[in-house]
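Structure record follows, encoded as structure tokens.
All values below were derived from every heavy atom in this structure, side-chain atoms included, with hydrogens, water molecules and symmetry-related copies excluded. Lettering follows sequence order; numbering is per chain, from 1.
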Amino acid sequence: MNLSIGLTTNASYKKVRWLATLAKETRLYRIWIGEDIDSLHNIFTLTSIFLLKTSFTKVGIGITSPLIRNITTIARAAAGLIELDSEERFILGLGIGGLQDLSKKGLVIKNPLQILRNADDILKRIWFGEKVTSKEGFVLDGYSARSKLKIPIYFGARGPKLLELAGEIADGVIISGPKSYLEKATNIVKKGLEKSKNPYRNFNIVVWLPTVLIKDGKGIAIAKEVVSIIISDTPKKVLELSGIDDVRIRKVRDAILKFGVKKASELVTEDLIRDFSIFGNAQQICEDLKSFKEFGVDEVVFGPPYGLNWQSSIVNVIEAWK
Amino acid sequence: MKYGLHLNSESKIDRIVQKGVEAERLGLDSIWICDMPSQRYGPIVASAIASRTSKIQIGLGFSPFLHTYQQIVSAFYSLINAYGERFELCLVPGDRNQLQKVGVFRFKSVRDRILKAKVEIMKKSEEQGLNFEISLGAQGPKMLRIASSFDSLHLNFCSPRIIEWAKSEIGSIENFFQVGIFAPSYIYDIFDQDIYELLYRSAKAVILGSSDRFLKILGFYEELYGVEGRPDNSFFERIPPNIIKEFSISMPFKKLKEYVLKIKNLGVTNIIFSYPQDYSIDTIRDLAKSLNK
């Protein structure tokens, strides 16, 4: 099982530079970069910076949405990123995107399953060098990138249908959601994998939950805030399957909409923090993360919000992992 | 006069980087990458070149019809933070045929949209404390009339006659405003017919992508399409050499100085030598030799 570090495109450049150096020094397994829509960094440019400033560490986008930019831009950018080094350290993660972020952009999601299936198919055809025409969804008219590439695609998924689809057609999956759901989620992925044309292919299951290092009892407030945000963005179906009391969830959601994150976080109890995040001291965090191995998880991601002091939190967890 | 080289991003990134490194070593002032659907994603190519160079200015051409304002600004945010303030943005409408192939069909109010993009990008970049110039890539009269709202202008043609016409269309401009040209180029020591063919094709694409109105103003429309007008399909036999010359720079390296002097007198302060000048390391060296670099 591997430990990776995650960050988002909203990270300061100070954090980016520090992480790139740390990755080099510690031979970190992988850095995952999640796209916060319309935030500071450009997801592809930031990924290129990590690839160029490290030499061993793998770098993955986890995830970007095909709904917020032209699909050919994703195809071209991923092609460029895989070309940046001969080790082909890059992985493209695709997902629908945060429900709140998409709705802010006026995007209404009708059939997420079809969107991701379609995006995966079009990207693979473009990279295979095909002249692609597509009349619905992602409209293309004889587009060709004259390439011959194989770029691994992971799906960022939470709902059961997307998890199963990931098992069927993707090269890996990045799962997030309540801990009480993870076992079910990995089983759904495995079901999809069994159904697929090539069930014995290399397939990587990654779990990325918010992680917070607590030191001297400090850090709980950050955990509460991040959990309240995640609760507001978790699909209903996932919450149902986790068996979490719906009334409590609704209270947090309503509070976020009415009063904002800080106020809503006051309603987040310790059992909710436990279910939606990984928290504790470095040793406890690593034990918690390693416990996912029994579900068939291959890789876990530490971050964000990391803890009160993000630098020492990351260093402590990497040390404890050894 | 400042000299730049446009790097075609169809070849593999390591090859493009090699050319960028050579351009810096030879003392060119800038390299340019245009983000188009047929090319590699511009910011990644820029990032790769910037990681191997230290001072050369890197220009990025973007079409706001393909990317949102925030996507453009965020690319500059990442690049400037990682490699310093040596990036410049050129906004262009983009090749309509290529954009239609990737599902971009709305081309109404091109001029207004480009202008809005400039204003929004500038606003967003200022909010993030970013400092980079925004230039306009233009050709026709409508676009030329908004040029003075930008930091500088890149004309998509190169003959002194059309440059003079363009300057009259731009109207009055501030002192700091820079006028440059961006044209298919082939400056050579030993002439190679195959490379000239690439220049011809490149210039032909620019000419066929020009608006009817622009071609009529220049008096080329009838010569190109006859009285029957532009054909529906893009098939076209041969474009007369006199028209090709107006849109491309092709000459033995010893003659370049004379041409540079001519356009310098017209107020041009920046020349970007476009494809196929970047065809090989040798063609880049031929260019540098002609500029005494």
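In this structure, OG on B/S47 lies 7.0 Å from CG on A/L84, to the nearest 0.5 angstrom. Note that CG of A/N42 and CD1 of B/I44 are 8.0 Å apart. Values are rounded to the nearest 0.5 Å. Rounded to the nearest 0.5 angstrom, A/T45 OG1 and B/L60 CG are separated by 8.5 Å. For the atom pair OG (A/S48) and CD1 (B/I13), the distance works out to 8.5 Å, reported to the nearest 0.5 Å. Note: A/L52 CG to B/I49 CD1 = 11.0 Å, rounded to the nearest 0.5 Å. Atom CG of A/N70 and atom CZ of B/F65 lie 14.0 Å apart (nearest 0.5 Å).
Looking at B/Q71, both its backbone and its side chain come within 4.5 Å of chain A, counting heavy atoms on both sides. If you measure heavy-atom distances from A/A145 to chain B, you find no contacts under 4.5 Å at all. Neither the backbone nor the side chain of B/Q98 comes within less than 4.5 Å of any heavy atom in chain A. For chain B, no part of A/I71 is nearby; none of its heavy atoms comes within less than 4.5 Å. Interface remark: B/V17 contributes no atoms to any contact with chain A (heavy atom separation under 4.5 Å). Proximity to chain B (any heavy atom under 4.5 Å) is shown, for A/K14, by neither the backbone nor the side chain. Proximity to chain A (any heavy atom under 4.5 Å) is restricted, for B/Y83, to the side chain, taken from C-beta onward. For A/L40, the parts lying near chain B are the backbone and the side chain together; criterion is any non-hydrogen pair under 4.5 Å. Interface remark: A/S39 contributes backbone atoms only to the contact with chain B (heavy atom separation under 4.5 Å).
Annotation: side chain of B/H67 is in contact with side chain of A/T73 (closest heavy-atom distance under 4.5 Å). With contacts defined as side-chain heavy-atom distances shorter than 4.5 Å, the pair B/D35/A/R76 qualifies. By the 4.5 Å heavy-atom criterion applied to side chains, A/T72 and B/Y41 are not counted as neighbours. By the 4.5 Å heavy-atom criterion applied to side chains, B/P43 and A/F44 are not counted as neighbours.
What you find for A/Y13 and B/N81 is that their closest heavy atoms are CE2-O, 3.3 Å. Among all heavy-atom pairs drawn from B/S78 and A/I49, the shortest one is O-CD1, 3.5 Å.
Interface check for chain A: of the options B/R52, B/K124, B/Q39, the most heavy-atom pairs under 4.5 Å are formed by B/Q39. Highest contact tally toward chain B, considering only A/T9, A/V132, A/L140, is held by A/L140 [criterion: heavy-atom pairs under 4.5 Å].
For A/F128, the CZ atom counts as loosely surrounded, since its 6.0 Å shell holds 12 or fewer non-hydrogen atoms of other residues, nucleotides or ligands. When the shell of 6.0 Å around CZ of B/F132 is examined, it contains more than 12 heavy atoms from other residues, nucleotides or ligands.
A donor and an acceptor atom, one from each side chain of B/Y69 and A/D38, are nowhere located under 3.5 Å apart.
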